[in-house]
Amino acid sequence: MKVNVSLVGLCGLLLVSSLWSCEDHLVAPPASPRFRLTKIIQTGLRYYQSHTLSYNTDGNVSQYVARGGTSASSAESYPGVTTFLQYDAQGRLITSETPIVPGNTTTAGRTTYDYDTKGNMIAAKKYSAQQGSDFTINSLIAVEYNSQNLPAKTVETNFYPIGDAVYTALYSYNGNYLIKTERSYSTGPISNPVTTYQYDNKPNPYYKLGYTLDRIGVSPQLISPNNVIRPDDQLTYDNNGLLIERVDYYKLDLQQGRTHYTFQYEAY
């Protein structure tokens, strides 16, 4: 069985370096555990996808395994497709690579990341390769920042045989919260060019670690500490305030039904 799972733009996907902490007191209480995301499960009416994360001794995601199928039992019974991540001495992600899995996939993927002197990720280059072939570049994503070092603009250039296509997005903030995205596409108009966001007051499981899951664009999942809330979405939290389930009423596939996300954590 071939694993049919998207490694780019993981929906609803993405993580937090410290999701919960306690206040200091005159008499220090027992240390409360910190939590980090270990598994993301996305399900619809006829499909199942999961991403299982592993961490290195520095606390960075060292790899994640993607699995997909028509049900949990069919997907989780296979080894899946693993993406390996490498970091520099400063702990910045510099390469993610997904090798070909014989019998499952026929294309390898690689993404490289460049940074400015402030440590901001300013460019990502995405490559692919068929079995026995060299990597060739598919797209280039350039990121510009505002005076608060928050992403203000991304320009994604996709290289196609018939010509390049450029996707541009502008970002507006209220403090550190992304509140509006404005999009345009070089090939013509796009649906919903402007999106606005509102938030809950609970920890966002994708916060700051979205790039490790190959999410290159800017979204609330990557840069806002709390979860986006939309009309009719259903969010469930555990006793630690961690998001454990989201029923996404915004993303409706007429054949697949509503999309459900569940999140699993570990204390560390």
Can any side-chain N or O of Asp200 pair as donor or acceptor with the backbone N or O of Ile229 at less than 3.5 Å?
no
Quick check: closest heavy atoms across Gly91 and Asn60, and the distance to 0.1 Å?
O-ND2, 4.0 Å
What closest approach, in Å, do Asn227 and Asn204 show between heavy atoms, and which atom pair accounts for it?
OD1-CA, 3.3 Å
Taking C-beta and beyond as the side chain, do Asp114 and Met121 meet within less than 4.5 Å on heavy atoms?
no
Checking Arg246 against Thr262 for the side chain to side chain contact (heavy atoms under 4.5 Å, CB included) test, could you report, in this order, the C-alpha distance in whole Å, the side-chain angles of both residues, the deciding distance, and whether it holds?
CA-CA 6 Å; Arg246 174 192 283 273; Thr262 57; over 6 Å; no
To the nearest 0.5 Å, atom CG of Asp134 lies from atom OH of Tyr127 at 12.5 Å
Can a side-chain donor-acceptor contact be found between Tyr48 and Glu76 if the only test is distance below 3.5 angstrom?
yes
So, Thr196 side chain and Lys180 main chain: donor-acceptor pair closer than 3.5 Å or not?
no
same_hphob_cluster(Tyr145, Leu140) at 4.5 Å side-chain heavy-atom cutoff:
no
In this structure, would Val143 and Val166 fall into the same cluster of hydrophobic residues linked by side-chain contacts under 4.5 Å?
no
Rounded to the nearest 0.5 Å, what's the gap from CG on Asp116 to CD on Glu144? Could you check?
11.5 Å
Can you tell me how far apart CD1 (Ile179) and CG (Asn174) are? Round to the nearest 0.5 Å.
5.0 Å
Scan Val247, Leu243, Leu242, Ile244 and name whichever one has a side chain to side chain contact (heavy atoms under 4.5 Å, CB included) with Thr236.
Ile244
Rounded distance [0.5 Å steps], OG in Ser172 versus CG in Leu150
11.5 Å
OH/Tyr185 to CD/Glu156 distance, rounded to the nearest 0.5 angstrom?
8.0 Å
Quick check: does any side chain N or O of Ser139 sit under 3.5 Å from a backbone N or O of Asn158, one acting as donor and the other as acceptor?
no
Before giving the answer on side chain to side chain contact (heavy atoms under 4.5 Å, CB included), spell out for Asn138 and Lys125 the whole-Å C-alpha distance, their side-chain angles and the decisive distance to 0.1 Å.
CA-CA 8 Å; Asn138 297 323; Lys125 305 177 184 71; over 6 Å; no
Trace of the side chain to side chain donor-acceptor pair (under 3.5 Å) decision for Thr154 with Tyr171
CA-CA 9 Å; Thr154 55; Tyr171 309 101; 2.7 Å; yes
When you look at CD of Gln131, are more than 12 heavy atoms from neighbouring residues, nucleotides or ligands closer to it than 6.0 Å?
no
Tyr265 six-ring centre to Arg36 NZ/CZ under 6.0 Å and within 45° of normal
no
Minimal heavy-atom distance between Leu53 and His51, with the atoms involved, is CD1-O, 3.7 Å
Residues Gly69 and Ala75: closest non-hydrogen pair is N-CB, 3.7 Å
Tell me the closest heavy-atom pair linking Thr187 and Ala165, and the distance in Å.
CG2-CB, 4.0 Å
All heavy atoms of Tyr113 vs all of Ala124, minimum pair found to be CD2-CB, 4.0 Å
Looking at Tyr64 and Thr38, would you say the former's side chain and the latter's main chain have a donor-acceptor pair under 3.5 Å?
no
Roughly how far, to the nearest 0.5 Å, is the CG atom of Asp238 from the NZ atom of Lys202?
10.5 Å
With sequence neighbours excluded, residues passing side-chain contact (heavy atoms from CB on, under 4.5 Å) with Ala152:
Asn146
Is a donor on one side and an acceptor on the other found under 3.5 Å between the side chain of Arg67 and the backbone of Tyr78?
yes
With side chains defined as the heavy atoms from C-beta onward, is the minimum distance between Thr98 and Arg110 less than 4.5 Å?
no
Does any N or O in the side chain of Thr105 come within less than 3.5 Å of the main-chain N or O of Val101, such that one atom is a donor and the other an acceptor?
yes
Quick check: does any side chain N or O of Tyr115 sit under 3.5 Å from a backbone N or O of Ala123, one acting as donor and the other as acceptor?
no
I'd like to know if the side chain of Thr181 pairs up with that of Tyr197 as donor and acceptor (distance under 3.5 Å, no hydrogens or angles considered).
yes
Do Tyr47 and Gln42 have side-chain N/O donor and acceptor atoms under 3.5 Å apart?
yes
Under the side chain to side chain contact (heavy atoms under 4.5 Å, CB included) rule, what do Ser224 and Tyr177 come out as? Steps first, then yes or no, please.
CA-CA 5 Å; Ser224 298; Tyr177 288 86; 4.2 Å; yes
Main chain of Tyr199, side chain of Asn226: is a donor-acceptor contact present, judged purely on distance under 3.5 Å?
no
Do you reckon Ile94 sits in the same ILVMFWY cluster as Ile137, going by side-chain contacts under 4.5 Å, direct or chained?
no
For Tyr167 and Arg183, what are the C-alpha separation, side-chain angles and deciding distance, and is it a side chain to side chain donor-acceptor pair (under 3.5 Å)?
CA-CA 7 Å; Tyr167 179 89; Arg183 305 174 184 83; 3.2 Å; yes
Does CD belonging to Gln198 count more than 12 external heavy atoms closer than 6.0 Å?
no
In this structure, would Phe135 and Phe159 fall into the same cluster of hydrophobic residues linked by side-chain contacts under 4.5 Å?
yes
Classify the side-chain pair Thr83/Gln63 by whether it contains a donor and acceptor separated by less than 3.5 Å.
no
Cluster question for you: counting only ILVMFWY and a side-chain heavy-atom cut-off of under 4.5 Å, with indirect links fine, are Tyr55 and Leu85 together?
yes
Evaluate the side chain to side chain contact (heavy atoms under 4.5 Å, CB included) criterion for residues Tyr261 and Ile41: first the C-alpha distance (whole Å), next the side-chain angles of each, then the deciding distance (0.1 Å), finally the verdict.
CA-CA 6 Å; Tyr261 302 93; Ile41 299 172; over 6 Å; no
